[in-house]
Student: 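After the structure tokens below, expect a handful of questions from me.
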Amino acid sequence: MHSIIFTSRPVWENGICLIRIITGIMIIMFGKEVFDEGIMNDYVKFLAEVGLPAPRFMLTLAKLTELIGGVFLIFGIFTRIIVFPLMITMLTIVWYMSEGNFFNGGTASTFFLLFLLFLFSGPGRFSLDYAFFHDTNK
């Protein structure tokens, strides 16, 4: 018991894969709002009020980033590349929805931290990145 609790080694080395897949599913749930005209119109109205330039275009771009990025995360393909546009999207949400206060950013701040985790740790063993790009010489 002490060896599991009082160690810096992971309890389950593939846990990052599970977190990546669940995060991908969750971000897709937000991205699929691109297909709901009522929700999109409400967001566009809010974004126009807070002064975001080209609110319809920017919102569509953000929602497509969430949708496509979520699929990439689920499969673990180009993980370290896709997290950059996802992190920018989350920071933009924090900036406009929480007036730039990262600690009041709620879900967007949490997603940003998860994407930062994937940037630093990679997608894990159960991913297409691992299958295609794993260096067996190391």
Side-chain angles (χ1 to χ4, degrees):
M1 178 94 167
H2 291 293
S3 63
I4 292 175
I5 295 172
F6 299 109
T7 182
S8 61
R9 298 180 72 209
V11 174
W12 183 42
E13 291 181 8
N14 298 315
I16 192 72
C17 298
L18 182 62
I19 295 168
R20 176 184 43 80
I21 292 166
I22 292 170
T23 301
I25 293 168
M26 290 171 63
I27 202 71
I28 284 174
M29 300 307 286
F30 288 101
K32 72 182 180 105
E33 291 175 343
V34 74
F35 302 113
D36 188 324
E37 196 62 33
I39 291 174
M40 291 293 284
N41 288 335
D42 290 343
Y43 283 146
V44 167
K45 182 180 174 188
F46 170 78
L47 293 174
E49 289 173 2
V50 297
L52 184 75
R56 172 66 70 172
F57 173 75
M58 296 300 277
L59 177 62
T60 303
L61 185 62
K63 290 299 176 185
L64 288 175
T65 299
E66 292 171 346
L67 188 65
I68 295 166
V71 172
F72 277 48
L73 284 176
I74 288 171
F75 292 103
I77 187 70
F78 305 123
T79 304
R80 287 192 168 120
I81 296 170
I82 198 62
V83 295
F84 280 109
L86 286 166
M87 288 190 308
I88 291 168
T89 301
M90 294 305 115
L91 287 177
T92 304
I93 291 169
V94 168
W95 182 263
Y96 283 99
M97 300 283 239
S98 302
E99 299 174 355
N101 187 339
F102 186 80
F103 297 103
N104 282 346
T107 305
S109 295
T110 304
F111 274 123
F112 176 84
L113 292 173
L114 284 166
F115 300 145
L116 193 62
L117 170 71
F118 303 136
L119 175 66
F120 291 142
S121 68
R125 174 176 283 177
F126 298 111
S127 67
L128 291 177
D129 283 343
Y130 186 89
F132 294 145
F133 308 118
H134 180 66
D135 186 3
T136 56
N137 296 327
K138 289 188 176 185

Student: Is D129 reaching over with its side chain to a backbone N or O of T79, donor-acceptor style, under 3.5 angstrom?
Tutor: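 Yes.
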Student: Side chains of L52 and F46, heavy atoms from C-beta outward: is any pair under 4.5 Å?
Tutor: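 They are not in contact (no side-chain heavy atoms under 4.5 Å apart), so the answer is no.
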Student: Relative to the ring of F115, is the ring of F111 parallel (under 30°), tilted (30 to 60°) or perpendicular (over 60°)?
Tutor: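 Parallel, since the angle between the ring planes stays under 30°.
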Student: Please tell me whether M97 and V50 are part of a single hydrophobic cluster in this structure, the criterion being side-chain heavy atoms less than 4.5 Å apart.
Tutor: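 Same cluster: M97 reaches V50 through Ile, Leu, Val, Met, Phe, Trp or Tyr contacts under 4.5 Å.
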Student: A side-chain contact here means heavy atoms from C-beta on lying under 4.5 Å apart; do I81 and F72 qualify?
Tutor: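 Answer no - side chains too far apart.
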Student: Is any side-chain heavy atom of L119 closer than 4.5 Å to a side-chain heavy atom of F84?
Tutor: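 They are in contact (side-chain heavy atoms under 4.5 Å apart), so the answer is yes.
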Student: Show the nearest heavy-atom pair for residues R20 and I74, with the distance to one decimal.
Tutor: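 Nearest heavy atoms, R20 then I74: NH1-O, 3.0 Å.
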Student: Which pair of non-hydrogen atoms, one from L128 and one from I77, has the smallest distance, and what is that distance?
Tutor: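 Taking every non-hydrogen atom into account, CB-CD1, 3.8 Å.
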Student: Are R56 and N41 side-chain neighbours, meaning at least one heavy-atom pair lies under 4.5 Å?
Tutor: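 With C-beta onward as the side chain, the pair touches.
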Student: If I take atom CG from residue L86 and atom CG from residue L91, how far apart are they, to the nearest 0.5 angstrom?
Tutor: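 These two atoms lie 11.0 Å from each other.
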Student: Hey, is CD on E49 packed in by over 12 heavy atoms from elsewhere, all under 6.0 Å?
Tutor: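 Above 12, so yes.
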Student: With heavy-atom distances below 4.5 Å as the criterion, would you say the side chains of Y130 and F126 are in contact?
Tutor: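 In short, these two side chains do not touch, never coming nearer than 4.5 Å.
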Student: W95, I88: one ILVMFWY side-chain cluster at the under-4.5 Å cut-off?
Tutor: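 No, because W95 and I88 fall into different hydrophobic clusters, even though each may have its own neighbours under 4.5 Å.
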Student: Could you give me the CA-CA distance, side-chain angles and deciding distance for T110 and M26, then say whether side chain to side chain contact (heavy atoms under 4.5 Å, CB included) is met?
Tutor: CA-CA 12 Å; T110 304; M26 290 171 63; over 6 Å; no
Student: Hey, quick one: are F30 and F57 part of the same hydrophobic cluster, counting side-chain heavy atoms closer than 4.5 Å, chains of contacts allowed?
Tutor: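 Linked, F30 and F57 end up in one cluster.
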Student: Check V94 against G105 and note the closest heavy-atom contact, atom names and distance.
Tutor: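 Heavy atoms of V94 and G105 come nearest at CG2-CA, 4.1 Å.
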Student: CE/M58 to OH/Y96 distance, rounded to the nearest 0.5 angstrom?
Tutor: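 It is 7.5 Å, given to the nearest 0.5 Å.
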Student: Rounded to the nearest 0.5 Å, what separation is found between the OG1 atom of T92 and the CE atom of M87?
Tutor: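 Separation between the atoms: 11.5 Å.
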Student: For G69 versus I82, what's the shortest heavy-atom pair and its separation?
Tutor: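 Scanning both residues, the minimum pair turns out to be CA-CG1, 3.5 Å.
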Student: What is the minimum heavy-atom distance between M40 and E33, and which atoms define it?
Tutor: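 What the structure gives for the nearest pair is CG-O, 3.3 Å.
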Student: Got a second to check how far L59's CG is from L64's CG, nearest 0.5 Å?
Tutor: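 Here the rounded value is 9.5 Å.
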Student: Which heavy atom in L73 sits nearest to a heavy atom in G24, and how many Å separate them?
Tutor: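 Minimum heavy-atom contact is CB-CA, 3.9 Å.
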Student: Any idea how F102 and F112 line up, ring-wise: parallel (<30°), tilted (30 to 60°), or perpendicular (>60°)?
Tutor: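 Ring orientation of F102 relative to F112: perpendicular.
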Student: Taking the side chain as everything from C-beta on, heavy atoms only, tell me whether F132 gets closer than 4.5 Å to F78.
Tutor: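 Result no, sub-4.5 Å side-chain heavy-atom pair not found.
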Student: Under a 4.0 Å threshold between the charged nitrogen and the carboxylate oxygen, would K63 count as salt-bridged to E37?
Tutor: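 No, no charged N to carboxylate O under 4.0 Å.
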